[in-house]
Amino acid sequence: MKTDVLIIGSGCSGLYCALKLPSDVKITIITKSDFASSDSFLAQGGMCMQRDENDFESYFEDTMKAGHYENDKKSVELMIRTSPEIVKDLVSFGVNFQRDEQGNLLFTREGAHSRNRIVFHKDITGKEITSHLLEAAKQRENITLLEYTKMTDLIIKEEMCIGAKVEFQGKEDLIFAKETVLATGGIGGNYEHSTNFCHLTGDGIAVAKRYGVELKDMDYVQIHPTTLYTKEKKERSFLISESVRGEGAKLYNKNMERFVDELLPRDIVTAAILKQMKADGRDYVWEDLRDIPKEELETHFPNIVEHCRKMGYNVFEECIPVVPAQHYFMGGIKVNHESKTSMEHLYAVGETACNGVHGKNRLASNSLLESMVFAGRAADDIQKRLKGKVCKVSA
Ligand code: SIN
């Protein structure tokens, strides 16, 4: 098979990259599982945006502080400045962010944010965004979407990427491409306890490493402070969104005493919980959602309320046990501000890539935004390359 652009992964970064390319570019998107099984679908809390010009400084500072000031400043600036455009774009794809009666966007809050600046759709923001991007991609005649098609290797010629080897129903095939984009998501499938889908095992990063493509910050792994504790191991840990704490939920030790400011950056809250669990001799701490008005819980967090109910907890009347779990990877394939890797004709976007925007620890709700900002930049760069110059090697 031959295509202009091969995108490996169908989360919001892969889909957004495809949708930002012109309609005369032939695009093939492959995904290892089904389209709904990307981590983008699981994102609960929401997506940050710069609310107005006055918000720039504090949003920049919040992102840098959470990242221990190891962030790439230019990446942070690009992400923040592009955020209103991304929201506008998503609305044009039909994404329905929560609004007040006058139609103004509503904003929620999560840890380490100095103000409310997170747009959301109930507690299923990722599903709302990604399903609309997927629908839009399915409508485009220039985009071919292939499920259950696993990338097994890259095709390399003269040290340049010219496509990928894939496996579909046990059969190997080759897809030749002028430009290839790795959008294979995170690494959580390699962990015993993770909020990620189990099949997300860092395939893009592994294959890049095989060919000496530069990687960055490979030990910067984020542990989310609050996932629902269960005695038996589940396929993946169920997230109790940080926006629940943003709206007033509290954390308690075994004596029902608070032990941490719940809105500190998530690496600090995680460390405090792990210390407390050790001191208590327990596998969890308590999270109390009862300070959140019942109507807010029902309308903003129906997915969490329902999941807890199914697991035997009535969040209106009792605390729930929570425990930290692997959640996000700040490191990955090193890319420039156009999401280009160190290999010719190879890009990386989303959680697979590391453009330094998150530094050592990602600020809550910056991931959906970052992935689309830099997927859009990859699309612009690819477009220029496809127009401007002939591929250096013929497939
Ligand atoms: C959450 O809703 O707590 C997760 C949001 C994120 O990872 O940014």
Side-chain angles (χ1 to χ4, degrees), residues 11-13 38-49 59 62-63 65-67 71 76 79-80 83 86 97-98 107-113 116-130 185-188 191 193-197 200 220-228 236-251 262-270 273 287 289 292 296-297 300-305 307-308 315 320 322-330 350-351 357-373:
C12 71
S13 62
S38 73
D39 275 357
S40 304
F41 264 86
L42 300 177
Q44 293 182 351
M47 189 182 87
C48 299
M49 79 174 272
Y59 185 3
D62 290 347
T63 301
K65 192 172 174 192
N71 320 53
V76 178
M79 176 185 73
I80 295 175
S83 60
I86 297 284
F97 291 115
Q98 229 78 29
F107 297 94
T108 188
R109 184 172 182 171
E110 294 188 49
H113 282 276
N116 290 32
R117 61 164 76 86
I118 299 170
V119 291
F120 62 100
H121 177 92
K122 300 180 187 161
D123 52 357
I124 48 166
T125 312
K127 184 175 177 194
E128 174 69 11
I129 291 176
T130 319
I187 59 168
Y191 286 75
H193 297 286
S194 171
T195 59
N196 296 187
F197 278 109
L200 297 176
Y220 286 1
V221 177
Q222 183 165 76
I223 311 296
H224 195 288
T226 53
T227 68
L228 189 66
R236 65 187 154 76
S237 307
F238 182 80
L239 190 70
I240 304 296
S241 174
E242 198 161 325
S243 54
V244 170
R245 279 176 279 128
E247 298 294 341
K250 301 286 182 294
L251 295 170
E262 291 82 357
L263 291 180
L264 287 173
R266 49 177 72 148
D267 55 342
I268 298 175
V269 178
T270 293
I273 292 176
E287 183 159 12
L289 280 59
I292 306 172
E296 170 77 9
L297 270 178
H300 190 160
F301 302 109
N303 176 44
I304 292 175
V305 170
H307 184 86
C308 290
V315 298
I320 53 173
V322 291
V323 61
Q326 193 279 345
H327 182 58
Y328 189 82
F329 183 40
M330 278 76 60
E351 201 173 338
V357 72
H358 305 305
K360 197 173 180 178
N361 172 58
R362 176 172 64 81
L363 179 69
S365 283
N366 264 350
S367 58
L368 290 171
L369 174 62
E370 176 275 325
S371 68
M372 285 181 276
V373 168

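Counting convention: from 1, in listed order, for ligands and their atoms alike.
Note: no N/O pair closer than 3.5 Å links S367 and ligand 1 by distance alone. Geometrically, ligand 1 and E242 share a nitrogen or oxygen pair separated by less than 3.5 Å. Every N/O-N/O distance between S243 and ligand 1 stays at or above 3.5 Å.
Closest of all the heavy-atom pairs between S371 and G350 is CB-CA, 3.7 Å.
Each of the atoms 2 (O) of ligand 1 lies under 4.0 Å from some heavy atom of G45. Contact atoms of ligand 1 toward E110: 1 (C), 2 (O), 3 (O), 5 (C) (distance under 4.0 Å to a heavy atom of the residue). When each atom of ligand 1 is checked for a heavy atom of H327 under 4.0 Å away, the hits are 4 (C), 6 (C), 7 (O). Close contacts of ligand 1 with S365, meaning ligand atoms under 4.0 Å from a residue heavy atom, involve 6 (C), 8 (O). Those atoms of ligand 1 that come under 4.0 Å of a heavy atom in A364, given as number and element, are 8 (O). Each of the atoms 1 (C), 3 (O), 4 (C) of ligand 1 lies under 4.0 Å from some heavy atom of H224.
Under 4.0 angstrom from ligand 1, the non-hydrogen atoms of L239 all belong to its side chain.
Tested against T226 for a side chain to side chain donor-acceptor pair (under 3.5 Å), the candidates R266, R245, E242 yield a single pass: R245.
For atom 6 (C) of ligand 1, the closest heavy atom belonging to the protein is R266 NH2, 3.2 Å. Remark: minimum distance from atom 2 (O) of ligand 1 to any protein heavy atom is reached at S241 OG, 2.7 Å.
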Derivation and outcome, salt bridge (Lys or Arg N to Asp or Glu O under 4.0 Å), residues K122 and E128: CA-CA 9 Å; K122 300 180 187 161; E128 174 69 11; over 6 Å; no
Begin with the C-alpha distance, continue with both residues' side-chain angles, and end with the deciding distance and a verdict on side chain to side chain donor-acceptor pair (under 3.5 Å) for T108 and E247. CA-CA 7 Å; T108 188; E247 298 294 341; 2.4 Å; yes
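With a 4.5 Å cut-off on side-chain heavy atoms, S243 and D123 do not count as touching.
Side chains of E351 and S367: a donor-acceptor N/O pair is absent below 3.5 angstrom, by distance only. In summary, the side chains of Y220 and D267 do not present any donor paired with an acceptor at a separation below 3.5 Å, with no hydrogens or angles considered.
In summary, the aromatic rings of H358 and Y328 are positioned with their centroids under 6.0 Å apart.
Below 30°, between 30° and 60°, or above 60°: for H224 and H327 the angle between ring planes is above 60°, a perpendicular geometry.
Note on ligand 1: Q222 sits outside its first shell, no heavy atom being nearer than 4.0 Å.
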